[in-house]
Visitor: 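The structure's right below; bear with me while I get my questions together.
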There are 2 protein chains.
Amino acid sequence: MLGFSYSFLARPEIGVDVPLSIELDRSSPVPLYYQLAQAIEAAIRDGELAPGDRFENELALASRLTLSRPTTRRAIQELVDKGLLVRKRGVGTQVVQNPVHRRVELTSLFDDLVRAGQEPTTELLEYHAGIVDEQIAAELNLAKDHEVVTIQRLRCANGEPLAVMTNYLPVELAPEADQLEANGLYQSLRARGVHIRLARQRIGAKPATRTEARLLDEKAGAPLLTMSRTAFDDSGKAVEFGDHCYRASRYYFETTLVDR
Amino acid sequence: MLGFSYSFLARPEIGVDVPLSIELDRSSPVPLYYQLAQAIEAAIRDGELAPGDRFENELALASRLTLSRPTTRRAIQELVDKGLLVRKRGVGTQVVQNPVHRRVELTSLFDDLVRAGQEPTTELLEYHAGIVDEQIAAELNLAKDHEVVTIQRLRCANGEPLAVMTNYLPVELAPEADQLEANGLYQSLRARGVHIRLARQRIGAKPATRTEARLLDEKAGAPLLTMSRTAFDDSGKAVEFGDHCYRASRYYFETTLVDR
DNA sequence: CAGTGGTCTAGACCACTTA
DNA sequence: AAGTGGTCTAGACCACTGA
């Protein structure tokens, strides 16, 4: 099924606002607000809209693209939430100064590395089912005698160790060891029809234990960045609890906060 | 100016959905979607809506409260973004399992401690203006010879050191030392008409230097949680860059991630 | 099939800023 | 006073889910 697209070209206007050339495909299943947000984001990242530039106001943009105001507004709001635009009532919308980094997202370290072009590998250190710590059962909202699979993996990139990851899953959801090694945890869960929609993370630091130090090629007591995460599926049920330790010298988290 | 309010009481219905009793004040300046979101959030936190409960669908809720669907929808969306509700198309809306912690927000450590009922104190260790590192000037989007105020403070709670905070501000925005000590950085900026709207944070870990160790009552090389942040005002201009070190034993960050 | 959320339109009125 | 974003309404059609 091929969509056809409307094209709106930049008009050679004289004015403060930069008119973007934006293409929308109205027959695409991709929502219009999303297409628009992507197009604006691309314009910012490509430098077509420079930091500090005033942005075309939403009514003008809407009428220029033959969109309704709410749809246009939603696209702009996406970028405000991402930290790319800033709005002030009665004034207008501007592009934020400074280059942007990516924000913390619901992805695995694996995805991050793939995106960065590195070649990540994973070694399965441990895989067993059994009764676990009461505190971990509580994180998963399980009875304390519910069987839980414990997985421990070592993530490396370019032959260098990056992180030790320990994950706990209710036995009925846990993927097989071989599938896990082939596809990673989140993809294995997706293949089982488990869609993770929400995660709560706690980020801290701690000294490496002797075991962690050995695995990560650090000295005992060296600083590690820790992240523990509880993930929930699309019915709000806790499906995974993870406890990850990253080498502080190789990893950090980025977040963008917006005051609303 | 006193508003009068409509009251919608729970009807003794037999059904899976729990009808909330929600009051909206239509003459209040507080937006209706926000009032509604607050009311639902309160119902969840008070246990009126239990984890896993099915939530009333948005059309029913809208007509019950005499609200339009978009307004109702926006309220629900706020809570989905906060990680309290989960929606699935064709199915419905449910309350997420597990108690919720707060998410990372645009607040200072000071605010956090006040909220937790602790009595925080701040000691100003350093305050001077001058030329700074080129990298820091770049974070603030300033020419490298622009004068910058460097502030270093030690934050304590209950007499115990918690964090060393180093902040850099363009000289024309920096508050006086005495105002800083009295009101904290962000409040001082607000008093000057600087409204921080956006922040980009990087969270990592590192070993304590000898100086940091002495200030924080830790050993040299002890793990510290680090956060560096660039803050932007409502015109998208960088107004502050901070480099903070927290004792790993006393502090962590929490985030909620939503997949959309 | 009925019920759910996801998207979209075409208006309206208001609050705030700047000049 | 003019221009901006913030809120709100009253519809519409669609896609997906489950019985």
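Here is how names work: the chains are called A, B, and so on, in the same order as the sequence lines, proteins then strands, and each is numbered from 1.
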Visitor: Can you name the salt bridge (Lys or Arg N to Asp or Glu O under 4.0 Å) partners of B/Asp243, sequence neighbours left out?
Guide: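 Expected list: none.
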Visitor: Return the set of residues passing side chain to side chain donor-acceptor pair (under 3.5 Å) with A/Thr150 (not counting sequence neighbours), or none when no residue passes.
Guide: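 Once residues adjacent in sequence are excluded, A/Thr150 has no partner under the side chain to side chain donor-acceptor pair (under 3.5 Å) criterion.
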Visitor: Run the numbers on A/Phe253 and B/Gln201 for side-chain contact (heavy atoms from CB on, under 4.5 Å), then give the verdict.
Guide: CA-CA 8 Å; A/Phe253 293 95; B/Gln201 299 188 157; over 6 Å; no
Visitor: Considering only side-chain heavy atoms of A/Arg54, which listed nucleotide, C/dC8, D/dT4, D/dT9, is closest?
Guide: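 Selected nucleotide (nearest to the side chain): D/dT4.
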Visitor: What is the distance from CG of B/Leu85 to P of C/dG6, rounded to the nearest Å?
Guide: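 Rounding to the nearest Å, CG of B/Leu85 and P of C/dG6 are 12 Å apart.
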Visitor: Can you tell me the distance, in whole Å, between the CD1 atom of A/Ile76 and the P atom of D/dT4?
Guide: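 Result: 12 Å.
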Visitor: Which of these nucleotides, D/dT9, D/dT7, C/dT7, is closest to any side-chain atom of B/Pro70?
Guide: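 Of D/dT9, D/dT7, C/dT7, D/dT9 is nearest to the side chain of B/Pro70.
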Visitor: For the CD atom of B/Gln77 and the CZ atom of B/Arg87, what is their distance to the nearest 0.5 Å?
Guide: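 B/Gln77 CD to B/Arg87 CZ: 6.5 Å, rounded to 0.5 Å.
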Visitor: Less than 4.5 Å apart, side chain to side chain, heavy atoms only: is that true for A/Leu142 and A/Val148?
Guide: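 They are in side-chain contact.
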Visitor: Side-chain contact, heavy-atom cut-off 4.5 Å: B/Phe55 with B/Ile76?
Guide: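 Side-chain contact under 4.5 Å: yes.
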Visitor: Between A/Arg73 (CZ) and C/dA12 (P), how many Å, whole number?
Guide: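 Whole-Å distance recorded here is 18 Å.
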Visitor: Counting only side-chain N and O atoms of B/Arg87, is one of them less than 4.0 Å from OP1 or OP2 of C/dG6?
Guide: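 Yes, such a contact exists.
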Visitor: Report the distance from atom CG of A/Leu32 to atom OG1 of A/Thr71, rounding to the nearest 0.5 Å.
Guide: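 A/Leu32 atom CG to A/Thr71 atom OG1 measures 6.5 Å (nearest 0.5 Å).
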Visitor: I want to check one thing: is the phosphate of D/dG5, taken as OP1 and OP2, less than 4.0 Å away from some side-chain N or O of A/Thr93?
Guide: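 So the side chain of A/Thr93 is within the cut-off, an N or O lying under 4.0 Å from OP1 or OP2 of D/dG5.
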Visitor: Using the test salt bridge (Lys or Arg N to Asp or Glu O under 4.0 Å), find all partners of B/Arg69 that sit at least two apart in sequence or belong to another chain.
Guide: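 Scan of B/Arg69 (salt bridge (Lys or Arg N to Asp or Glu O under 4.0 Å), adjacent residues dropped) gives B/Glu58.
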Visitor: When the distance from CZ of B/Arg74 to P of C/dG6 is rounded to whole Å, what number comes out?
Guide: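 Atom-to-atom, B/Arg74 to C/dG6, this comes out as 16 Å.
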Visitor: Take the protein atom CG of A/Leu61 and the nucleotide atom P of C/dT9, then report the distance between them rounded to whole Å.
Guide: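 So the CG-P distance, A/Leu61 to C/dT9, works out to 12 Å.
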Visitor: For B/Glu58 and for A/Pro31, locate the closest nucleotide of DNA chain C by heavy-atom distance; then report the residue assigned to the nucleotide nearer the 5' terminus.
Guide: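 Nearer the 5' end of the strand: B/Glu58.
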Visitor: Does a donor on one side chain sit under 3.5 Å from an acceptor on the other, for B/Asp25 and B/Gln35?
Guide: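 Short answer, no.
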Visitor: Think A/Ser68 has a side-chain N or O under 4.0 angstrom from the OP1 or OP2 of C/dG11?
Guide: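 So the side chain of A/Ser68 is outside the cut-off, no N or O lying under 4.0 Å from OP1 or OP2 of C/dG11.
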Visitor: Let me have a per-nucleotide readout for nucleotides 13-19 of chain C, 5' to 3', with B, S or -, counting only protein heavy atoms under 4.0 Å.
Guide: --BBB--
Visitor: Check the distance between D/dG5's P and B/His195's NE2 and give it to me in whole angstrom.
Guide: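 Distance check: B/His195 NE2 to D/dG5 P gives 18 Å.
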Visitor: What's the CG-P distance between B/Asn57 and C/dG3, to the nearest Å?
Guide: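 So the CG-P distance, B/Asn57 to C/dG3, works out to 10 Å.
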Visitor: Rounded to whole angstroms, how far apart are CD on B/Gln94 and C1' on D/dT17?
Guide: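 Rounded to the whole Å, the gap is 13 Å.
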Visitor: For a quick test of your reading: what N or O donor-acceptor pairs under 3.5 Å do the side chains of residues 168-177 of chain B make, sequence neighbours left out?
Guide:
{"residue": "B/Glu172", "atom": "OE1", "partner": "B/His146", "partner atom": "NE2", "Å": "3.0"}

Visitor: Counting only heavy atoms and a strict 4.0 angstrom limit, can you tell me which residues of residues 33-43 of chain A come near DNA chain D?
Guide: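 Heavy-atom contacts with DNA chain D come from no residue of residues 33-43 of chain A; none.
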Visitor: Just to be sure I understand the rule, does A/Leu59 reach a base, reach only the sugar-phosphate, or reach nothing, if contact means heavy atoms closer than 4.0 Å?
Guide: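 Touches nothing.
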